[in-house]
Amino acid sequence: MADLVFCEPTELYNILNQVTKLSRLTEPNYLCLFDVRSKWEYDESHVITALHVKKKGNEYLIPESVDLECVKYCVVYDNNTSSMEMFVKDAASNEEEDDEDNCNEHGQDLVCGAAVEYGRILIQLTHHPVYILRGGYERFSGLYHFFRTQRIIWMPQELDAFQPYPIEIIPGKIFVGDFSQACNPKVQKDLRINAHVNVSMETSPFFVDDPDRLLHIQIEDSSESKILPFLRYLCHFIGYQSQLCSCGGLPHAQESGDPEAWMKSHQFS
C-alpha cells in the first residue's frame with residue numbers, strides 16, 4: 001500500500017512546471033490532480049488540469065480514464081486541509097445512535113478532510129505516494145493565482161503550448177529559469193520578480209543599467225565554463241536582495257548551482 005503524505009504548494013508548483021522538450025503535463029502518466037471540492041466551487045475555478053471528483057451517494061468515485069498504478073504524481077486537494085488528523089463535526093440531531101469509532105462522548109462526529117478521505121481510497125490503488133496539497137486550493141491559489149482556470153478539457157495541443165514558469169528554489173524569493181522565461185513580461189509580473197542574475201552572454205530587456213537589480217555574469221553556456229570565480233559576487237548579490245525582502249532573483253540560464261551556493265554561504269556566514 002502506498003503512503004499518504006503532504007505536498008507543499010511550492011512542490012505542486014514545481015511539478016506543474018517540469019519540462020523536457022515540452023511541458024511534462026503532456027505525459028499521460030506524469031500527474032493526476034484531483035479536486036474534491038463541490039461541483040460549483042470547481043466550476044468557479046480550479047488548478048489547471050485538475051479533475052473534479054464525483055460522488056455517488058456518500059461515496060467518492062474513481063475516474064475510469066485514469067490508470068493510477070502508472071501515475072507518478074497523484075495529488076488531491078480540497079478547500080483548506082492542513083492536517084491528516086480527524087476533526088469534530090456536529091452529529092445530525094435526528095440520529096438515533098452513534099458509531100462508537102467515529103463519535104465522541106459529546107455526540108459529535110470525528111471526520112477527516114475531504115482530500116485526506118479521498119487520498120486514503122487512492123493509496124489502495126497505487127504503489128506511488130499519494131500527495132495531499134497542504135492548505136488546499138485556498139492557499140495554492142492565493143500564492144499562484146495564475147494557475148487558476150475554469151477550463152475543464154485540455155486538448156493535447158493546448159498542453160503542448162503550455163509555457164512553464166521558472167522552478168521555485170526558495171518560496172517567493174529565488175527562482176531558476178532559462179533566458180526566454182527571464183525575458184517574459186508575464187513571468188516577471190506573476191512572480192513579482194525584482195532582480196535578475198543573468199548567467200549568459202546575452203542581454204535581457206529588464207533592469208538594464210541598474211546594478212542594484214541586475215548581476216550579469218558573462219560566461220558561455222557550455223560544460224567548460226567556470227562559475228566558481230563569480231560565486232562570491234553572486235552570493236553577495238542574492239544575499240543583498242534577500243535582505244531587501246524583494247522576492248529574489250531569476251537566473252537567466254539553467255544554473256541550479258548558483259542559488260545552492262548562496263544558501264550554503266548564507267547558512268554559515
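Inter-residue side-chain proximity for Tyr165 and Phe175 is flagged as unmet; no heavy-atom pair is nearer than 4.5 Å. Taking the side chain as every heavy atom from C-beta outward, Cys7 and Tyr77 never approach each other to under 4.5 Å. Looking only at side-chain heavy atoms (C-beta outward), Phe34 and Pro63 come within less than 4.5 Å of each other. No side-chain heavy atom of Leu22 sits under 4.5 Å from any side-chain heavy atom of Glu27. For the pair Val130/Leu68, no side-chain contact is recorded, criterion being any heavy-atom separation below 4.5 Å from C-beta on. When side chains are defined from C-beta on, Asn198 does not count as touching Phe206, because their heavy atoms never get closer than 4.5 Å.
Listed here is the closest heavy atom pair of Arg37 and Ser45: NH2-O, 2.6 Å.
In summary, the side chains of Glu168 and Tyr144 do present a donor paired with an acceptor at a separation below 3.5 Å, with no hydrogens or angles considered. Using modelled atom types, one finds no donor on one side chain facing an acceptor on the other under 3.5 Å when comparing Ser23 with Thr26.
When atom types are taken as modelled, the side chain of Gln150 and the backbone of Glu44 share a donor-acceptor pair closer than 3.5 angstrom. Judged purely by atom type and a 3.5 angstrom limit, Tyr73 has no side-chain atom pairing as donor or acceptor with the backbone of Leu12.
Met155 belongs to a hydrophobic cluster with Tyr42, Ile152, Ile153, counting contacts under 4.5 Å between side-chain heavy atoms of Ile, Leu, Val, Met, Phe, Trp and Tyr, direct or through other members.
With rounding to the nearest 0.5 angstrom, the CG atom of Leu16 is 6.0 Å from the CG atom of Leu25.
Using a 4.5 Å cut-off between side-chain heavy atoms of Ile, Leu, Val, Met, Phe, Trp and Tyr, with links allowed through other members, Val75 and Tyr30 fall into the same hydrophobic cluster.
Between His196 and the choices Arg213, Gln188, Gln241, the side chain to side chain donor-acceptor pair (under 3.5 Å) rule is met once, by Gln188. Checking each of Val36, Ile62, Asp78, Val76 against Val53 for a side-chain contact (heavy atoms from CB on, under 4.5 Å) leaves exactly one that passes, namely Val36.
For Arg151 and Glu158, the salt-bridge test passes: some basic side-chain N is under 4.0 Å from an acidic carboxylate O.
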